[in-house]
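What follows is a single structure, written as structure tokens, with notes after it.
This one's a predicted model, so the numbers in the text were calculated from it and none came from an experiment. We count residues from 1, following the sequence as given.
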Amino acid sequence: MFQSFETQSSPEQGPPRLAAMRQLMFERDLDCFLIPRADAHQGEYVAPRDARLEWLTGFTGSAGFCAVTSQIAGIFIDGRYRVQVRAEVATEFTPVHWPEQQLADWLKDQLPEEATVAFDPWLHTVREIKQLRKKLDTMTLTPCDNLVDAIWADQPGPPTAPFREHPLEQSGESHDNKRARIVESMDEACAIITLPDSIAWLLNIRGDDIPRNPVPQAFAILHDTGKVDLFVQDGKAIDISAHLGPDVYIGAASQFLDAIDTLTGPVRIDPNTCPEIIATSLKEAEIPVVEGRDPCILPKALKNETEIAGARAAHARDAVAVVQFLAWLDTEAPKGALTEIDVVKALEGFRAQTNALRDISFDTICGSGPNGAIVHYRVNEKTNRQIGQDELLLVDSGGQYVDGTTDITRTVVIGTPTDEQRACYTRVLQGMIAISRARFPKGVGGQHLDALARAPLWMAGMDYDHGTGHGVGSYLCVHEGPQGISRRSETALQAGMILSNEPGYYREGAFGIRIENLIVVRDAPPIEGGDNRAMLDFETLTHVPFDRRLIDTDILSQPERDWIDRYHADTLEQIRPRLDAFVQTWLTEACAPL
């Protein structure tokens, strides 16, 4: 099993740890210390060693941060975690609704005008600190060593797994060509890259430093010659030295800051991902700096034909496993003996039977009944719930395969659904269909499409507190920028980008609904009678049936019904030949026309 069900959150441990931190703050004359969910590489995910926010507060979500003062410890969480946080943290921590409440405004309310706010300069980006300094102009923001590390006696060590090559037959482009192509777009003498997935993509390497994400932890300097200085923990790059070749220098991670001091500018840093300490080092060395986007982020998002073909193959393979799982679930769940952990184990087992699974792409979200309303719920031994009759089960899961990363959510009913459940499910499905059918001009960003998914829910006075879609990597992180479908997604969508399409609806204490496919942006064929405008649309990568028992056909329009029938027919054609007789029969019934 990849997934563990140990209870990660221990609310009772939070208060003594908080007291220890406050004592250290008192000794150092600090009014506040900031604890982000971040590491020195500024990716979304962190290794166990860097799970400082979770260790201090008990909060296990994938986004958030804490600000500790002598009187209050605010834990800032967005709409995905407002139910979850109440169950995971002690009352000594105060949930703060973010981004509605900004950190700077909160600090002004909690601290005196001349307060000292301390932070670890490795764990905060240039942009974060710049904005705080601008808004907290009367306070002193001071970098310091990490106070959590000072009180975390049994903190895990850094990851030690060696890096490995990601072969050309999977990447579709050599790292020599990538480096040459990227520097052509750069005006600077070099660019500093800290994001693990950017470095993985650029150099065609993978690693096991972050659970569920096959990325290496490293720092890189990309020079305008195309050469790269790569800084890693000792020994981790030995197995890939031949793959990297003579144009990639391998140095120790401890040498990174010293190497920065020797650069000749201008140096590009991405203020959204570059740790503040790097900008400080460059400034102290009087090296010219240019702020700009990490040069790998957009090219990485534009998948080449090899990567898209790999995504199709991975999704077909994954669909077989998920369909087998759903057929098994339909047989076993009505018996009344299954728990959420049983379901997660079974699904991972079906994926493992592909003999191609490298890891799951995130811990499976499996919420039955009221647990389904916790958007990023992770079942553990303490919360494990027996799946009851006549209730909804939400399962959000994915796999990491060498040819692609998958992410799929299906909500099913165990027993007989209520009219309300069917109506809510159908509105969510309508939103997913609207994105799937979307056709739009080049230059349109995800923020322009987001409302299409929400409109059916809005018409019923409903909504959901998460984005409609995120970018997905190619055997990389299941969450990838810069593309997305949300109110904040300004990046124009381009052919080759892979995204999720996952509207939802959540009734706290009752049920949760989410339906998710992965889609890839492609050039749309011209329409007779249309103008000569370049247009885009989506190819759906995921082919797994929806629960027809939850579809209220009276709510659907005829084009929506036709889309579902075509989708199910395509699913049957692609997946049925790869199944045994029992599952073939189940799939045929599941894909029957509405």
Side-chain angles (χ1 to χ4, degrees), residues 3 62 79-81 84 212 311 314-315 318-319 321-326 329-330 333 340 343-344 346-348 350-351 360-369 371-379 387 391-400 404-414 417 421 424-436 453-454 456-457 464-472 478-479 484-486 498-507 511-519 538 540-551 564 567-568 571 590:
Q3 187 160 336
S62 64
R80 295 170 295 174
Y81 299 110
Q84 177 179 331
R212 316 292 175 244
H315 279 80
D318 200 66
V322 177
V323 166
Q324 291 173 325
F325 159 74
L326 290 173
L329 184 67
D330 252 9
E340 293 167 337
V343 170
V344 174
L347 178 53
E348 187 174 315
F350 285 113
R351 281 197 167 101
I360 52 178
S361 55
F362 54 95
D363 283 348
T364 297
I365 300 168
C366 176
S368 63
N371 285 346
I374 304 172
V375 178
H376 279 191
Y377 170 71
R378 301 291 194 275
V379 60
I387 300 169
E391 65 181 20
L392 300 185
L393 176 67
L394 186 158
V395 182
D396 186 349
S397 67
Q400 291 283 12
T405 300
T406 70
D407 184 0
I408 174 176
T409 309
R410 287 297 182 264
T411 302
V412 300
V413 64
I414 310 302
Q421 290 169 340
C424 293
Y425 179 93
T426 305
R427 292 187 181 103
V428 172
L429 180 58
Q430 285 178 301
M432 200 217 72
I433 294 171
I435 296 294
S436 303
R454 299 178 190 272
L457 289 163
Y464 49 95
D465 293 323
H466 58 75
T468 298
H470 55 81
V472 179
V478 74
H479 289 171
I485 303 175
S486 76
I498 296 177
L499 302 106
S500 67
N501 173 11
E502 50 179 315
Y505 179 68
Y506 311 91
R507 184 72 55 83
F511 61 82
I513 298 166
R514 188 161 62 252
I515 308 171
E516 176 186 19
N517 285 344
L518 294 196
I519 52 181
F538 296 114
T540 296
L541 295 172
T542 310
H543 283 91
V544 171
F546 310 116
D547 192 337
R548 294 170 70 257
R549 296 165 296 190
L550 284 166
I551 299 175
I564 294 170
Y567 177 82
H568 279 158
T571 297

Please check if any side-chain donor atom of [X] sits under 3.5 Å from a side-chain acceptor atom of [Y], or the reverse.
X: R378; Y: N371; answer: no
X: D407; Y: S361; answer: no
X: T405; Y: Q400; answer: yes

Sorted by chain and residue number, the side chain to side chain donor-acceptor pair (under 3.5 Å) partners of S500 (sequence neighbours excluded) come out as H470, E502
Side chain to side chain donor-acceptor pair (under 3.5 Å) involving Q3 - partner list, sequence neighbours excluded |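 Q3: no side chain to side chain donor-acceptor pair (under 3.5 Å) contacts found.
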Identify the two heavy atoms, one from N501 and one from S436, that lie closest to each other, and give their separation to 0.1 Å.
-> ND2-OG, 3.2 Å
Taking [X] for the side chain and [Y] for the main chain, is one N or O donor matched with an acceptor at less than 3.5 Å?
X: T364; Y: S397; value: no
X: Y506; Y: R80; value: no
X: Y377; Y: L394; value: no
X: R410; Y: R514; value: no

Taking the six-membered ring for Trp, are F511 and Y505 parallel (under 30°), tilted (30 to 60°) or perpendicular (over 60°)?
->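 Rings of F511 and Y505: tilted, as their planes differ by 30° to 60°.
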To the nearest 0.5 Å, atom CG of L499 lies from atom CD1 of I485 at 5.0 Å
Side-chain touch R351/D318, heavy atoms, less than 4.5 angstrom | yes
